[in-house]
Enquirer: 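Please find one structure pasted underneath; my questions will follow.
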Amino acid sequence: MSPLNRRDLLRSAGCLLASGLHADLRILPGSSAYEWIRGARALIAEGFNPPFYLSFDYQPQKAVRIAQALHADALRYPAAAYYAFFPTRSGYPVHPELRGDPMRETVDLCRAAGLKNIAYVPLNHPFMDVASHDPRYLGWCKRFADGRPMITEHYGFARYYEGCLNSPLREVIRAMVQEVAANYPFDVIYFDGPYQGMQHAKDYCHCEYCKAAYQRKFGKPVPDQRKELPLEDEIQYYNWMANDVVIAFLAEIREMIRRTRDVPVLFNDTSLLSKREWRSHGIPVVDGFMFEAAETPEEKLFNLELGRSTGKVTWTYLSSHTEYNREHLKDDHVRGWFSYPVESEELLLDGATAIAAGAGMVYWGLSRFFYQREGPLSYESGRYVREVFDFERKNCDLLIRLESQPQAGILVGSQTIDWYQGRQFAGRAYPNYFHGAYLLLKSHSYEAQPFLDWQMSPERLARYPMIFAANAACLSDAQCSMLADYVRNGGKLLATHLTSIADEYGRVRSRFGLEQVFGASFLDAEPVEIPDLYLKLLSGEEIPQDPQIMRFRVTGGSVLAETIDRGHRTKLGPAVVQRKVGQGEVIYIGSGLEAVYEETRMEPLQTFFGSLFAPWLEAKRSYEVEFRPGLMPQFMASKDTLILHLLADTGDKVQHLRARQHFLPLTDVKVRIRIPAGRALRSATLLRAGRALSGVVRDGWFTAVVPRVWIHEAVRLDLG
Ligand SMILES: [Zn+2]
């Protein structure tokens, strides 16, 4: 039992040390790193590009000086990338220019400087250069059914064999991790992977080891993808590779570290919502995971809140190694510059989004300043990174205690991404449904939290007064039952379009899995697409309808809107149906209106959804912010403090993602925050401006006008 209370843990985690208090407190082994990871502000030394590769120019002292100048509190060192960057005996190829042990020097210098250390270890990230003459590589690589080795590009420098985790390479990687964990005092071990290929991640491996293992387990050969495969074969291979190979490897490595030196383990799960990405299901095995970059602040906030729903720590990049737009390049693996400070004010918004979500931050990276003549603060990028880190450092004690307060859970259909194959299904745009749901709820000041379908449980559902099932096509029988019970017990369910039309592997049902709950029976499992459709509301008003609709008949409940086909002068039947089930209530919308909102931001759709949400959520809302395009609220709370973050994505980035960006302030933003019953308001402040915010308290609500939001402001209410 630890005699430490939470405050002591925070101190030991460095939050208070950083603010100059209690400098005599030692960082304690064990629990402190587990606490620290929640508010990390680390600098990444990336091993796949200069100053580590192709040439090895890295200098430990210079790296630590740059980390200090940026006010980072940790440095991430690449134990390996295409090469190992420490003298390993594991068999992993060592960089030919490596002299001495720069990993040891880096760790020692960091500890002397009061910085934490994170080890980056790639778990089967491609590294075997096809131009190498290393004879072992052809015994370690993934192979097609015809025996050819699988080859991938990565970063624009070379081409690499993809490694197979069933080959002897598995033991080489395991030995390397063991060396890192046993011989170097890292505070955290961070894994990239486990990978099983990169460009050919979805191609089945026919190496001798996989062939033998598959035959042993299933009594048949690895399925040959050159032929059309039965779905059952795909499901079998997928589950074998996910569970028996990839996640089993991650779990084995995690337990090995626990036995060697018990430090937190995080892994890169940027592709959490990518199709059939095995390692996503490794989340339960680790202490946390990383979403690297996102294309928009909304996407980033969504991802980080999705991360929070898993109960694990989430980290995110400040910036990205792909920050350069590179549209005109023929080969977009060639990223432009890894070693130049390319960014501008967008870094501030990136940082503010991470702060609002309560995520740990890692700046990518050291290489941007390593070759520059001047120190990092001579460049916009460096100044902005330091500003973000300073805000986190100053408020760390507060920020890491906050939890989000979702009124709605958004059911994210990762099973649909993996398996659904309907004829009218545009997989590439599928995220528009759950992102649209998120935006619609946020636009009405209802806090929303996305969560993963495969993590659904009765307890998880019970956290949310309302569930938005945004076109969650693939749901198992058990998941349908959970949702039905959730409603019967008083939950509110808004479900759209194909929700529950198929089981968890995309096998289409003859009726909705939730037919009894919806009170709707589809006429055909495939939706139809027709231009110029309208929703006719009960008021008689006609608003734009999704051009792709499900035809259905109502078996219970009342119709809130029907579909009008203006071009053909016909009615296409019910579009929205509502009914009570047990103690709860359900609305089924037979189209993807939330995706249309994501794609168009049309105001009548926002208003319509507002009219659906309000009877369910209005009475219990925590806050209200007047709607301004580009303004995104995020509400967080701890026992004694409420924080309403305001993120103002009001920049000039229009056509070219990853272009440099400048932002305009929003002025006079009206906000309301509910004071919890039985509590009194002690103080109201603006966290960025660092001054009091005057407002009025009436009927349990604090009302104020925030004079200016440039990129980020946060209203802080402390309660008595
Ligand atoms: Zn293999």
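First listed ligand is number 1; within each ligand, the first listed atom is number 1. When reading the values below, keep in mind they use all heavy atoms of this one structure, side chains included, and skip hydrogens, waters and symmetry mates.
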Enquirer: Do Ser309 and Arg460 have a side chain donor and acceptor closer than 3.5 Å?
Expert: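 Ser309 vs Arg460: no donor-acceptor pair found between side chains.
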Enquirer: Ignoring hydrogens and angles, write down the donor-acceptor pairs under 3.5 Å from the side chains of residues 135-145, residues two or more places apart or on other chains.
Expert:
| unit_1 | atom_1 | unit_2 | atom_2 | d |
| --- | --- | --- | --- | --- |
| Arg136 | NE | Asp134 | OD1 | 3.0 |
| Arg136 | NE | Asp134 | OD2 | 3.4 |
| Arg136 | NH1 | Gly91 | O | 2.7 |
| Arg136 | NH2 | Gly91 | O | 3.0 |
| Arg136 | NH2 | Asp134 | OD2 | 2.8 |
| Lys142 | NZ | Gln196 | O | 3.2 |
| Lys142 | NZ | His200 | O | 2.8 |
| Lys142 | NZ | Asp203 | O | 2.9 |
| Arg143 | NH1 | Gly147 | O | 2.7 |
| Arg143 | NH2 | Leu138 | O | 2.8 |

Enquirer: May I have the list of side-chain donor-acceptor pairs in residues 282-294 shorter than 3.5 Å, sequence neighbours left out?
Expert:
| unit_1 | atom_1 | unit_2 | atom_2 | d |
| --- | --- | --- | --- | --- |
| Asp287 | OD2 | Arg254 | NH2 | 2.7 |
| Asp287 | OD2 | Val265 | N | 2.8 |
| Glu292 | OE2 | Asn268 | ND2 | 2.9 |
| Glu292 | OE2 | Tyr317 | OH | 3.1 |

Enquirer: Under a 4.5 Å cut-off applied to non-hydrogen side-chain atoms, are Leu98 and Tyr83 in contact?
Expert: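 Answer no - side chains too far apart.
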Enquirer: Could you enumerate the protein N, O or S atoms under 2.8 Å from the Zn ion (ligand 1), written like residue then atom name?
Expert: Cys164 SG, Cys205 SG, Cys207 SG, Cys210 SG
Enquirer: Is Arg507 salt-bridged to Glu232, cutoff N-O under 4.0 Å?
Expert: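 Salt bridge: yes.
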Enquirer: Identify, with sequence neighbours excluded, every residue that meets side-chain hydrogen bond (donor to acceptor under 3.5 Å, both in side chains) alongside Ser132.
Expert: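 Applying side-chain hydrogen bond (donor to acceptor under 3.5 Å, both in side chains) to Ser132 gives none.
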